[in-house]
Novice: 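First the structure, then my questions, so here it is.
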Amino acid sequence: MRKQASVLHLDLDAFFASVEQRDKPSLRGKPVVVGGVGGRGVVATASYEARRYGVRSAMSTREARSRCPHAAFLTGRFHAYREASDVVMRLLREVSPLVEPLSLDEAFVDLERAGLPDLEVATVTAYAADLRERVAVATGGLTASIGLGTSKFIAKVASDLEKPDALVVVPPGTERDLLRPMSVSVIPGVGPVTAERLRRAGIQTVADLEAVDLAELLRLVGQAQGTGLHALARAHDDRPVVAEREAKSVSSEGTYETDLTDRRLMEGLLTRQAGEVAARLRKHGLSGRTVTIKVRLHDFTTLNRSTTLPEPTDSTATVARLARALLTDLDTSGGVRLLGVGVSGLADWIQDDLFGESSDTDGADGAPEEDEVLGVDAVEAGVKARRSVYAPGQDVEHDEMGRGWVWGSGRGVVTVRFETAGTPPGPVRSYALDEPALRPWRPAEPTENDMPAADPPA
DNA sequence: TCTGGGGTCCTAGGACCC
DNA sequence: TCTGGGGTCCTAGGACCC
């Protein structure tokens with residue numbers, strides 16, 4: 001925790017709805033709700049006029065409509081939000097080299113790096129007031145709420161205190177008095193489940209929380225969250241403002257208007273999502289080792305299945321194939337409301353060769369050198385391999401079974417899923433790693449011709 | 001016909017390694 | 001032929017945030 005209120009938190013007020021009102025004068029002064037407009041949509045942002053009717057973020061659009069039927073219900077125009085956000089973030093970076101965006105509409109700014117003459121309350125307050133005006137001018141009238149404090153936690157609490165269109169400074173030394181009467185829910189990381197758990201233990205305010213010793217807190221909420229709560233309840237927060245944070249995963253998912261039951265359709269949707277994810281990976285020069293699918297069933301239970309490659313990929317064909325394969329073991333007979341594909345374990349480089357795409361390590365005839373691809377020689381030589389030398393998704397060929405691809409592998413065993421023409425997924429067989437009838441083969445360059453053009457049913 | 005889509009982080013168990 | 005303890009990696013689930 002700092003001695004001066006040099007952490008600034010800026011939050012654009014009702015951001016999506018405000019952009020809409022800025023761009024469409026007819027919406028100004030009226031309730032505006034931005035979010036999913038379909039039967040399963042939820043509210044992303046409600047204008048303050050709509051909030052007066054009880055419309056809130058994350059509420060189902062259905063409920064929002066019943067609370068405020070005369071509101072304008074809009075799907076998002078994300079490029080417009082991104083543009084407005086870029087304008088604001090650029091402005092903040094002119095002001096301080098240390099800006100940490102949290103989302104399109106929120107950022108921390110470290111004023112210790114802003115070149116101010118000092119960091120006294122009067123100085124930072126004047127500075128923030130000026131910044132708020134500059135944001136409004138630069139964005140064509142969007143308002144922001146700003147909080148200033150001695151830590152991220154306090155700055156964020158401050159920006160929330162009097163919004164919209166407000167500036168609040170928490171003077172150094174007054175933090176704990178400010179927090180004590182507040183609900184534990186002000187603490188980042190305390191959501192509905194944790195709040196209820198604490199409430200049942202008789203803990204409702206920050207003051208209550210402060211009175212609980214560390215051991216008891218650890219017992220209640222676990223190691224990581226317990227130590228965090230113990231510190232934050234005392235306004236102890238040394239988290240630095242960090243400018244660049246690298247992405248850890250990339251994903252695409254969709255909720256469908258009616259539950260899906262057709263497996264072929266599900267496979268097609270997963271394939272398309274895999275294509276979107278792989279394209280985004282390539283666009284950012286990333287690749288990842290772990291492919292995960294997410295399946296939400298009709299009753300909202302959510303399943304994740306993942307598999308990890310020995311080397312990272314950004315290939316549509318590989319991500320799509322693994323995604324479809326992960327679906328095969330799941331019982332979806334009751335209907336599926338959401339499907340998603342994600343890639344994690346990201347690296348900012350791509351292994352050149354693994355699946356035979358663009359490689360200069362091939363033999364002269366262009367065929368893979370089997371011991372490189374498969375590693376059978378290494379296994380036979382008794383060289384230890386931590387993980388199987390077969391990679392999930394890798395193409396293989398068997399003398400009797402024909403062509404297939406590696407589904408999984410374990411101790412000395414590789415499982416292959418054969419793709420019988422016309423009726424995928426075909427049979428699954430297990431082989432010893434040194435099975436001579438099983439060999440790798442090189443697929444044609446991956447294509448995306450299995451990407452379906454069809455939209456999900458309306 | 002309640003309950004989005006993009007993420008992050010944590011926990012817990014099992015396999016494996018030394 | 002009973003049996004350990006730490007560390008890493010992987011998978012699955014869940015809480016949380018905007």
Side-chain angles (χ1 to χ4, degrees), chain A residues 9 11-12 14-16 33-45 56-67 75-76 78 81-82 85 101-108 152 156 159-160 185-198 218 221-229 239 242 245-259 273 276-277 280 289-310 326 329-330 335 337-346 384-388 392 408-411:
Chain A
H9 180 256
D11 194 337
L12 293 159
F15 179 52
F16 297 171
V33 177
V34 179
V37 296
R40 286 174 167 174
V42 299
V43 175
T45 311
R56 295 283 179 270
S57 290
M59 172 183 286
S60 73
T61 299
R62 183 173 306 274
E63 181 169 355
R65 277 189 207 277
S66 83
R67 291 189 185 220
T75 62
F78 279 85
Y81 310 150
R82 157 87 42 205
S85 177
L102 296 178
S103 64
L104 288 182
D105 64 337
E106 256 185 73
F108 286 113
K152 283 182 164 182
K156 175 135 183 164
S159 72
D160 223 34
S185 305
V186 300
I187 297 175
V190 177
V193 174
T194 305
E196 174 59 18
R197 193 173 293 168
L198 294 172
L218 295 181
V221 300
Q223 176 68 40
Q225 202 174 25
T227 49
L229 285 186
R239 293 172 298 163
V242 179
R245 301 169 76 188
E246 288 182 1
K248 303 254 167 85
S249 66
V250 175
S251 66
S252 170
E253 65 184 52
T255 294
Y256 304 100
E257 290 286 312
T258 54
D259 290 348
Q273 289 167 337
E276 286 166 12
V277 168
R280 273 158 57 199
R289 288 180 56 217
T290 302
V291 175
T292 303
I293 64 163
K294 176 171 168 182
V295 178
R296 181 118 74 205
L297 304 177
H298 61 104
D299 64 355
F300 222 73
T301 57
T302 304
L303 309 171
N304 298 284
R305 290 295 179 271
S306 65
T307 186
T308 297
L309 297 160
L326 287 165
D329 287 349
L330 263 26
R337 61 151 40 222
L338 172 146
L339 283 175
V341 175
V343 173
S344 56
L346 299 187
K384 281 192 183 176
R386 161 76 177 78
R387 196 147 289 284
S388 168
S409 58
R411 322 188 54 154

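Everything quoted here is computed from the prediction, not taken from an experiment. Below, read A as the first sequence line, B as the second, and so on, with proteins coming before strands; counting in each chain starts at 1.
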Novice: Would you sketch DNA chain B in dot-bracket for me? Only Watson-Crick or G-U wobble pairs with both distances under 3.5 Å count, crossing pairs as [ ], other-strand pairs as |, the rest as dots.
Specialist: ....||||||||||||||
Novice: Any idea how A/H9 and A/F108 line up, ring-wise: parallel (<30°), tilted (30 to 60°), or perpendicular (>60°)?
Specialist: tilted
Novice: Which nucleotide sits closest to the side chain of A/S249: B/dT8, B/dT3, B/dG6?
Specialist: B/dT8
Novice: Rounded to whole Å, please give me the gap between CD in A/Q223 and P in B/dC10.
Specialist: 11 Å
Novice: Does A/E196 have any side-chain contact (heavy atoms from CB on, under 4.5 Å) partners at least two apart in sequence or in another chain, and if so, which?
Specialist: A/R199, A/R200
Novice: Return all side-chain donor-acceptor pairs below 3.5 angstrom for residues 291-302 of chain A, not counting sequence neighbours, or 'none' if the list is empty.
Specialist:
from, atom 1, to, atom 2, distance (Å)
A/K294, NZ, A/E253, OE1, 3.2
A/R296, NH1, A/T302, OG1, 3.1
A/D299, OD1, A/T301, N, 3.0
A/D299, OD1, A/T301, OG1, 2.8
A/T302, OG1, A/F300, O, 3.3

Novice: Applying a 4.0 Å non-hydrogen cut-off, can you work out what A/G342 is touching in the nucleic acid: base, sugar-phosphate, or nothing?
Specialist: nothing
Novice: Where each residue is assigned the nucleotide of DNA chain B containing its nearest heavy atom, which of A/A224 and A/R296 is assigned the position nearer the 5′ end?
Specialist: A/R296
Novice: side-chain contact (heavy atoms from CB on, under 4.5 Å) with A/T75: which residues, sequence neighbours excluded?
Specialist: A/V37
Novice: For A/F15, what residues pass the ring-ring contact (aromatic ring centres under 6.0 Å, His included) criterion, not counting sequence neighbours?
Specialist: none
Novice: With rounding to whole Å, what would you report as the distance between B/dT3 and C/dA15 at their C1' atoms?
Specialist: 15 Å
Novice: Just the rounded figure in Å: distance from P of B/dG5 to CG of A/L338.
Specialist: 6 Å
Novice: Check every strand shown and say whether A/S252 touches a base, only sugar-phosphate, or nothing at a heavy-atom separation below 4.0 Å.
Specialist: sugar-phosphate
Novice: Would you classify A/A247 as touching base, sugar-phosphate or nothing, given that sugar-phosphate means primed atoms plus P, OP1 and OP2, and contacts are heavy atoms under 4.0 Å?
Specialist: sugar-phosphate
Novice: Does A/Q273 use its side chain to pair, donor to acceptor, with the backbone of A/L339 at less than 3.5 Å?
Specialist: yes
Novice: Return the value, rounded to whole Å, for the distance between atom CZ of A/R280 and atom P of B/dG6.
Specialist: 6 Å
Novice: With side chains defined as the heavy atoms from C-beta onward, is the minimum distance between A/T61 and A/V33 less than 4.5 Å?
Specialist: no
Novice: Return the nearest nucleotide to the side chain of A/V42; candidates are B/dC10, B/dG5, B/dT3.
Specialist: B/dT3
Novice: Measure the distance from CD on A/Q273 to C1' on B/dG6 and round it to the nearest whole Å.
Specialist: 13 Å
Novice: Please check this pair: side chain of A/S57 against backbone of A/A44, looking for a donor-acceptor N/O pair closer than 3.5 Å.
Specialist: yes
Novice: Could you tell me the separation between the CZ atom of A/F78 and the C1' atom of B/dG6, rounded to a whole number of Å?
Specialist: 9 Å
Novice: Kindly say if A/R62 contacts the phosphate of B/dT1, meaning a side-chain N or O under 4.0 Å from OP1 or OP2.
Specialist: yes
Novice: What's A/G35 touching, base or sugar-phosphate or nothing? Going by heavy atoms closer than 4.0 Å.
Specialist: nothing
Novice: A/E257 side chain to A/G39 main-chain N or O, any donor-acceptor pair under 3.5 Å?
Specialist: yes
Novice: What one-letter contact string describes nucleotides 11-18 of chain C from 5' to 3', where B marks a base within less than 4.0 Å of any protein heavy atom, S marks contact via sugar-phosphate atoms alone, and - marks no contact?
Specialist: SSS-SSSS
